[in-house]
There are 2 protein chains.
Amino acid sequence: MTGPLPENPDRGDKREAILDAALTLFAERGFHGTAVPLVAERAKVGAGTIYRYFENKEALVNAVYRKWKHAFTAAVVETFPFDAPVREQFHALWTRIFGFANDHPTALQFIELHHHAAYLDAESRALEEQSLAPARALLDETRRQQITKDVPSAVLIHIVWGAFTRLVKAAAEGQITLDAETLDQAENCLWEAVRR
Amino acid sequence: MTGPLPENPDRGDKREAILDAALTLFAERGFHGTAVPLVAERAKVGAGTIYRYFENKEALVNAVYRKWKHAFTAAVVETFPFDAPVREQFHALWTRIFGFANDHPTALQFIELHHHAAYLDAESRALEEQSLAPARALLDETRRQQITKDVPSAVLIHIVWGAFTRLVKAAAEGQITLDAETLDQAENCLWEAVRR
DNA sequence: CTCCGAGGAATGAATGTTCGTTCCGTTCAA
DNA sequence: TTGAACGGAACGAACATTCATTCCTCGGAG
């Protein structure tokens, strides 16, 4: 699943070095725009070494995708206040998602860029669904309670997530600055977008 | 600018065939993932012919980008009711943008995919700014009139545009269906996101 | 404690393939 | 007949991947 592992466990950091280099380069230049030897150079590793850890370039991009999609899901779900009032849950969701974007901007850029790409395999695709499950559950529940609008929760999710990722991208490009106040204002905008 | 043109004006449709093929392939597989000979094949044209019309692959992608960015801007601005009440202007904006997405789904996908890409030249970059100028003007004005929230108009634009493109992409992938009612609901969501 | 040799890990030059681009013989319109 | 337009074979560069070789680690013999 994770590719062949070297038998000496001390050297597992090579794998991480490769994953890190691949994350950055794939995020910046895309899958087809990134040459494998370039990944090797950035990871300070021989080109052939990559193939000791990953079957091929496609397996590598899938490994990067899964690693960070899992990290994202974990960051959102961990210690999530599932029993708090819904407005508070929305705030928690927003805060965690942005916290992740702040801690790992390259990872979010990578995830967005490779969303639904042709070279992602079935297992990676399945993770795409899974990662937004808490949001879907929340919005389904709030709709039932007539707190949010009578609109399919999938539509609301795409509105919030689409707006969010765009804001992050714009911030990364320096078009806007996402300080605490702006972030709060944006959260408020989107709550009003979804609330009844 | 537009590359060398054949001197016989009758044959200008070859250029269009190339642009059309390039639009579809670049939208589906990205810039680096699309081979020039493949574009030629789809355009039913010899590989060499492409280079009679475009200096190189980069010039081609820029030409596609400009063509459709112009078309998009035109579709939005044409007969726009600049003097209508602001809520109506917002509706007009929403309707026109979605009308474009509906008429030319591949073009919108292409534009989104190549947004701020490294291989776009300065002139193409300039068009990115220009195309959302009407929206910016509208949101600046409504903020002055205290109709929309006291949030930088750039932030509001990214919220609306981000939500919109995500909805279109989700619809293209079959995750949601954007019928007239859903579209109306979504417009309402985003108006409430921006209005005071 | 030192040295040796076995075997897995790592390497990067070599390989076959695919790409962007060019070149040139052919076709077509006038 | 002539010159522009065209197609597609051909070319060098760049790519993903392989593999013969080197490096490193460590167990055990002396």
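Per chain, numbering begins at 1; letters A, B, ... match sequence-line order.
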query: His32(A) has an atom NE2; how far is it from atom C1' of dT18(C), in whole Å?
result: 13 Å
message: Rounding to an integer number of Å, can you tell me how far Arg52(A) CZ sits from dC23(D) P?
response: 17 Å
task: Look at the side-chain N and O atoms of Lys14(B) and state whether any lies under 4.0 Å from the OP1 or OP2 oxygen of dC6(D).
output: yes
query: Taking 4.0 angstrom as the limit, do Arg196(A) and Glu192(B) come out as a salt bridge?
result: no
query: Picking from dC6(D), dA16(D), dA10(C), which would you name as closest to the side chain of Pro37(A)?
result: dA16(D)
statement: Ile18(A) CD1 to dA16(D) P, in whole Å, measures 15 Å
message: Under a 3.5 Å distance rule, please check whether Asn102(A) uses its side chain to pair with a backbone N or O of Phe98(A) as donor and acceptor.
response: no
query: Quick one: are Tyr65(A) and Leu120(A) in side-chain contact, heavy atoms under 4.5 Å?
result: yes
field: Lys14(B) to Tyr53(B), cation-pi by 6.0 Å centre distance and 45° axis angle
entry: no
query: Whole-Å distance between dC19(D) P and Ile50(A) CD1?
result: 18 Å
field: Atom pair distance, as rounded to whole Å: NZ in Lys57(A) and P in dT17(C)
entry: 18 Å
- request: Look at the side chain of Ala35(A) and decide which nucleotide, out of dT21(C), dC15(D), dT17(D), has an atom nearest to it.
  value: dC15(D)
task: Would you kindly give the OH-to-C1' distance between Tyr53(B) and dG7(D), to the nearest whole Å?
output: 12 Å
query: Separation of Arg29(B) atom CZ from dC19(C) atom C1', in whole Å?
result: 13 Å
- prompt: Tyr51(A) side chain N/O closer than 4.0 Å to the phosphate oxygens (OP1, OP2) of dT11(C)?
  reply: no
query: So which nucleotide from dT21(C), dC6(D), dG7(D) ends up closest to the side chain of Val36(B)?
result: dT21(C)
Near-ring test Phe72(B)/Trp161(B), centroid separation under 6.0 angstrom: yes
statement: Side-chain contact check for Thr49(A): nearest option of dG8(D), dC6(D), dT11(C) is dT11(C)
- request: Measure the distance from CG on Leu38(A) to P on dG12(C) and round it to the nearest whole Å.
  value: 15 Å
